[in-house]
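The structure under discussion appears below in the form of structure tokens.
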Amino acid sequence: MNIKKEIFGQCPRGEKAFLFTLVNPNGITVKITNYGAIITAIEMADKKGKKENIALGFRTLEEYLSADYLANYPYFGAVCGRYCNRIAGGKLNIDGVDYRLFINNGPNHLHGGQAGFDKMIWTPKTIDMPDFVGLELKYRSVHLEENYPGNLDVTILYKLTHKNELHIEYKAVTDRTTVVNLTNHTYFNLNGGEENILNHQLLINSKKRTVTDSNLIPTGEIADVTNTPFDFSTTKSVGADIGLLPDGYDLNYPLGNADKKMVFAGKLSEEETGRSVSVFTNEPGLQIYTGYYIPSLGERFGRYSGFALETQHYPDSPNHPEFPSTELKPGDVYKSKTTYLFETTK
Ligand code: BGC
């Protein structure tokens, strides 16, 4: 196992960003920058031994900061917070006090606002253990940053194990009641970006979805997906029914783990290369997004070029008391865990 640190670039405010390369004994490589806690690349072999990058991302910080990329920003590989996904109308009420959050997605607040956790510089610490290499990232989101109440101290631990798992462990504490919902927004393309993700196979460990309005805000209804295009409870190609949906898939599947135990959430696989990624989490939901709005940048990326499997609480939970709560109180510890398991069939 080893871990390498190099300079990734300089942020507009003058801070330096680093790139950390984590390698395990089987040759799986995960690259992470402390700018936005972004996973910039995941390299793994296909069934013929060919190593390729299976995560959408860039080689330089400049590309993450470029106007072209940010104009139609898809959050490649980033940690989204303080509240990932949407909050309807940007309206948050905590203990009877109203907070107005930045509107950046139609009429709604998305992924923490104008400058969410995906644009922050995190304090890094590398960890080298016998069975994993890790990167710890810390960030203090101050009281009323993006108008969220409470100083929030967040720690993320990325661990790449010798069993080809990438664990992402999040912790957060606050000094006032607030809301927290964190996810990693990696888009996978298991054939190294050679074609789009419509031929990938998908399995989801849920038969339910949260129904949303036209702005992707949950109505409160939780529907059965049987015999609908949303049914991936047995393995089906991503493209099989996508033509029935105007913008592809972008929805939350409840995982039924109210007790916060780790559960299998789903598996994305690709037959030509034999590669797959399975996702496990203690979060109550899995948002899938097929990247309809991913911008084309030069010859790269574009519609359906990547598939995001985002573990998280349901969208707009602060305005849905019937959903699992995203509230964090002083003295409590927010703990969230996601595991990606990378496998190659022969
Ligand atoms: C959301 C999509 C959004 C994408 C990029 C996903 O988490 O579900 O609606 O377009 O993030 O912001």
Side-chain angles (χ1 to χ4, degrees), residues 11-13 35-38 56-58 61 63-94 97-122 139 141-150 152 154 172 178-187 210 212-219 246-252 285 287-297 301-303 305-306 308 310-320 323 326:
C11 294
R13 289 181 300 239
Y35 169 74
I38 293 171
L56 305 196
F58 300 109
L61 180 68
E63 288 164 283
Y64 286 96
L65 302 174
S66 80
D68 274 1
Y69 175 61
L70 294 175
N72 200 351
Y73 181 35
Y75 297 82
F76 284 172
V79 166
C80 300
R82 183 180 299 205
Y83 192 98
C84 67
N85 215 313
R86 291 170 176 79
I87 295 182
K91 288 183 188 159
L92 189 62
N93 183 290
I94 295 178
V97 181
D98 283 327
Y99 298 90
R100 287 303 165 106
L101 306 174
F102 190 74
I103 302 298
N104 55 344
N105 186 260
N108 302 316
H109 175 81
L110 178 73
H111 295 333
Q114 198 168 24
F117 290 2
D118 56 291
K119 295 198 177 83
M120 297 305 165
I121 285 283
W122 295 66
Y139 176 66
S141 170
V142 294
H143 176 56
L144 296 182
E145 178 182 275
E146 286 288 335
N147 248 359
Y148 289 99
L152 186 77
V154 188
T178 187
V179 290
V180 186
N181 193 21
L182 303 179
T183 197
N184 178 280
H185 211 299
T186 293
Y187 293 86
T210 46
T212 50
D213 68 12
S214 58
N215 289 312
L216 298 181
I217 296 297
T219 60
D247 304 341
Y249 292 95
D250 191 358
L251 74 150
N252 166 63
Q287 179 88 15
I288 66 160
Y289 174 53
T290 44
Y292 187 86
Y293 294 102
I294 298 176
S296 296
L297 299 165
F301 312 118
R303 180 167 298 169
S305 56
E310 307 159 44
T311 54
Q312 56 190 251
H313 275 57
Y314 308 171
D316 199 30
S317 294
N319 296 308
H320 285 273
F323 289 171
T326 51

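Positions are given from 1, in the same order as the sequence printed here. Remember, it's a predicted structure, so these values are computed and weren't measured experimentally. Just so you know, these numbers use all the heavy atoms, side chains as well, and skip hydrogens, waters and symmetry mates.
With a 4.5 Å cut-off on side-chain heavy atoms, Glu310 and Cys84 do not count as touching. Residues Arg86 and His109 fail the side-chain proximity criterion, which asks for heavy atoms closer than 4.5 Å. Counting heavy atoms from C-beta on, the side chains of Ile288 and Leu251 come closer than 4.5 Å. Residues Ile121 and Cys11 have side chains in contact (heavy-atom distance under 4.5 Å, counting atoms from C-beta outward). A 4.5 Å side-chain heavy-atom check between His143 and Tyr148 finds every atom pair outside the cut-off. In this structure the side chain of Phe117 reaches within 4.5 angstrom of the side chain of Leu182, judged on heavy atoms.
Interatomic distance, OG1 of Thr212 versus OH of Tyr314, reported as 14.0 Å (0.5 Å rounding). Atom OH of Tyr83 and atom NE2 of His313 lie 8.0 Å apart (nearest 0.5 Å). Between the CZ atom of Arg100 and the CG atom of Asn93 there is a distance of 10.0 Å, given to the nearest 0.5 Å. To the nearest 0.5 Å, atoms CZ (Arg303) and CG (Asp247) are separated by 8.0 Å. The CG atom of Leu61 sits 8.0 Å away from the CD1 atom of Ile38 when rounded to the nearest 0.5 Å.
For the pair Gly113 and Glu146, the tightest heavy-atom approach, listed with the atom from each and the gap, is CA-OE1, 3.5 Å. Looking at every heavy atom in both residues, Pro246 comes nearest to Tyr292 through O-CE1, 3.5 Å. A pairwise comparison of heavy atoms in Glu63 and Tyr69 identifies O-CB, 3.6 Å as the closest pair. Across every non-hydrogen atom of Val142 and Arg82, the tightest pair is O-NH2, 3.7 Å. Scanning all heavy atoms of the two residues, the minimum distance from Gly291 to Tyr187 falls at CA-CE2, 4.3 Å. Closest of all the heavy-atom pairs between Phe301 and Pro295 is CB-O, 3.4 Å.
A search for side-chain hydrogen bond (donor to acceptor under 3.5 Å, both in side chains) contacts involving Asp213 returns nothing, not counting sequence neighbours. With sequence neighbours left out, the side-chain hydrogen bond (donor to acceptor under 3.5 Å, both in side chains) criterion links Tyr139 to Glu145. Considering only residues two or more places apart in sequence or on other chains, Thr311 meets the side-chain hydrogen bond (donor to acceptor under 3.5 Å, both in side chains) condition with Thr338. Residues passing the side-chain hydrogen bond (donor to acceptor under 3.5 Å, both in side chains) test with Gln114, sequence neighbours excluded: none. Residues forming a side chain to side chain contact (heavy atoms under 4.5 Å, CB included) with Ile94 (at least two apart in sequence, or on another chain): Leu92, Tyr99, Pro149, Thr177, Val179.
Of the listed residues (Thr183, Asn252, Asn85), just one forms a side-chain hydrogen bond (donor to acceptor under 3.5 Å, both in side chains) with Gln287, and that residue is Asn85.
With 3.5 Å as the limit, one finds no donor-acceptor pair spanning the side chains of Asn105 and Asn108. Side-chain contact annotation: Asp68 with Ser66, donor-acceptor N/O pair under 3.5 Å absent.
Of the possible donor and acceptor atoms, one in the side chain of Asn184 sits under 3.5 Å from a partner among the backbone N and O of Thr186. Judged purely by atom type and a 3.5 angstrom limit, Asp316 has no side-chain atom pairing as donor or acceptor with the backbone of Pro218. With hydrogens and angles disregarded, no donor-acceptor distance shorter than 3.5 Å links the side chain of Asn147 to the backbone of Leu101.
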Distance-only donor-acceptor hits, side chain of residues 70-81, under 3.5 Å, sequence neighbours excluded:
from	atom 1	to	atom 2	distance (Å)
Tyr73	OH	Asp118	OD2	2.7

Asp250/Tyr293 under side chain to side chain contact (heavy atoms under 4.5 Å, CB included): CA gap, chis, key distance, verdict: CA-CA 11 Å; Asp250 191 358; Tyr293 294 102; over 6 Å; no
Check against side chain to side chain contact (heavy atoms under 4.5 Å, CB included), Lys119 and Tyr35: CA-CA 6 Å; Lys119 295 198 177 83; Tyr35 169 74; 3.8 Å; yes
Full working for side chain to side chain contact (heavy atoms under 4.5 Å, CB included) between Asn181 and Ser317: CA-CA 9 Å; Asn181 193 21; Ser317 294; 5.8 Å; no
